[in-house]
Amino acid sequence: MRTHSLVALGLFLAACSSDGGSNETGGNAGSGGSNAAGAGGASGGVGGEAGSSATGGTGGSSGAGADGGVGGAGGSVACIPTDHPSAGSCTVSDAIAIFVSPAGSNTTGDGTRNKPFATINRGADEAASKGKRVYVCADAGDYNETLSVGPSNNGVEIYGGFRCSDWSWEASYHARLVAKGHPAARIAGASDITLDHLEFRGTANEVAGESAFGVWIQDSKGVEIRDSLASAGRGQDGSAGVAGVKGEDGQVAGKEQEGVDLAASTNPGLGGSWAAPSACGSKGGDGGTANTTATVPGGNGIPNTDVTPAMLDNGGTTGNGAAGSPGDAGNHGSASTAGVLTDTGYTPGDGHDGSPGHTGQGGGGGAGRKRPYPGIALKGGGAGGMGGCGGEAGTKGTGGGASIALVSWDSELTLTRVQLETLGGGNGGAGGNGGLGGLGQAGANGNYYPTLEDADGGKGGDGGKAGAGSGGSGGLSLGLAIHGSVPVQSDVSITPGAGGTAGPGGYTGEATDKAPDGQPGESLERLVL
C-alpha cells in the first residue's frame, strides 16, 4: 500500500485555492493522513483512508466560514486461518478446508464447498496431504464409518458443526459417526489431532460376547477432543452353555452271557462272556467254567479305576459275582473371572466346562461250580452285567461383552466439554447342566441246580453323573479407560450404564448340585489400568 509523509501532503493542500485537499490513503498499519486547513470559504478535505487493520485518518480543520473535513473510515480486520470456524465466515473457504457431506461423493467430489467428499476418512486424508482442515456438515444424515487416524494424518483438525445447505456454523450441531463392530473412531500412533463438534457412536455386532467402543486412542500425542460425545452401545450377551445328555445304560445281558451247559459226558461247561467292552469301556467279568474237578472263580468287571471303590475284585469265588463299582462323578466347571481389557481389546470372562461322569464298572462274573454228582446238568457261571456310561458334561456359559465409551492407551489426551456414555455391559451366559450317569444292568444267569443257584453275574455299576458348566461373567460398563498418562479434563461428564448380570451356573440332577455362577459386571465412570 502507498504511504505519504505529512509534510508533502500539507504542501499539496496549500497549493489549492478553492477546495480542501483531496483524500489520501493512510500508511500501512499506521494512522491515516490528516488534511490541512482549506482556504477561506471552502469545506475541509475528507480524512485519509486508513490502512489495513489501522485507525482512520483525522478530518482536516475547517477553513474560514466552512465545515471541517470528515474523518477517514477504519481499516478492516484481517482473516486469521487458525481461528475457530465459529469466529467468522472468512475461515470457511476452500483455501483453508476440505469439505465433507453425506450428500457428497468420493468419486466425483474434490473436497470443495460445492463438491464435498462423502466420508470423513477421505476428507482427513486429503486435508493432511494439503495442510488443510476438515469441515463436516451435520444435518444431512449420519456418517457410517470408523474414523481411522494414523501417522499420515498428523496435525489434522476436524470440525463437525456446519449446516450442509450453506456451510454456516451452528454451535448446537454435531456431525455423527456410527460404526458397528468397531469403534466409531480409532486414533493410533498419531499426533496433534483435533476433533471438534463430533458424535462418535460405536455399537457391537450381533455376536455373543462382542464389545462396543466409542473412541479408541492408542500410542498418540497431542490429541484434543472438544465439544463432542463418545457413546458405546450395549455389549452383547454371552452364550448359554449346552446341557450334557444322560449316559447310556449298560447293555442287557443275553444268551451269550449265560453259562454253557455241562452235559453228563462233556467237560467243561464254559461260563458266559461279553465279546467286547461297551462303547464307553465297561465290560462284565466272564463267568467261571463249570467242570467236574473244581470250582472256577468268575472274572472281574472293568474298568476298575475312576470308580468308587476302585480296584474292586468283584468276580464270584464260589458263587455269584459282586456288583460293579459306580463311576465317579465329573467335576463342575470352575468359577469364571471378570473380563479383561488390554491394548488389543476386551476379553469377556467366560465360565468353564464341566467334566464328564466316569463309566460304571462291569459286574463280576459268577463262579463256575464243580459238579457234585455224576450225570447232573450244570452251566458255567453267568457274565457280569454291563456298567452304565458316565453322563456328558455341561459346557460353559460365556461372558458378556463390554460397553466402553473412550479408551486412552499410552496417549496424551485433552478432553474439553466432552460427554461420555455407555448403554451397559452384556449379561453372562448360563452354564449348561450336567448329564446323569447311565444305569448298570443285571448280570447273566449262571448254573442251575436246586442247591447251587448262586453262580449269576453281578450287576454292573451305574455311570457317574457329569459336572455342569459354570456361568459366564457380566460385561464391564465403563466411561473412560486409562492406561498410561491421565487425560487433561475440563467439563467432562460420564454416564455409564449398568454392568452385565452374572450368568448362573448349571446343575446336575438337583438344583443344589450346582456349578458356580459368573461374576457380575462392574459399572464405572473411570478405570486406571
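Model, not experiment: these values are computed from the prediction.
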Is the closest side-chain donor-acceptor distance between E421 and S231 under 3.5 Å?
->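 There is such a pair (donor and acceptor under 3.5 Å, judged by atom type) between the side chains of E421 and S231.
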Distance-only side-chain donor-acceptor flag, D410 / H483, under 3.5 Å =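 H483 and D410 do have a side-chain donor-acceptor pair below 3.5 Å.
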Should the pair D462-K465 be classified as a salt bridge under the 4.0 Å nitrogen-to-oxygen rule?
->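 Salt bridge: no.
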Looking at side-chain heavy atoms only, is the closest gap between S408 and S220 below 4.5 Å?
-> no
Taking atom OG of S470 and atom CG of D353, what is their separation to the nearest 0.5 Å?
-> 8.0 Å
Can you check whether [Y]'s main-chain N or O pairs, donor with acceptor, with [X]'s side chain at less than 3.5 Å?
X    : Y    : result
S336 : G351 : no
S211 : A402 : yes
S228 : L198 : yes

CD of E126: more than 12 outside heavy atoms within 6.0 angstrom?
-> yes
With D142 as reference, evaluate R201, R176, K180 under the salt bridge (Lys or Arg N to Asp or Glu O under 4.0 Å) test and give the passing residue.
->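 Among R201, R176, K180, the one that satisfies the salt bridge (Lys or Arg N to Asp or Glu O under 4.0 Å) with D142 is R176.
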What orientation do F99 and Y135 show, parallel under 30°, tilted 30 to 60°, or perpendicular over 60°?
-> perpendicular
Parallel, tilted or perpendicular for W169 and F162, by the 30°/60° rule?
-> perpendicular
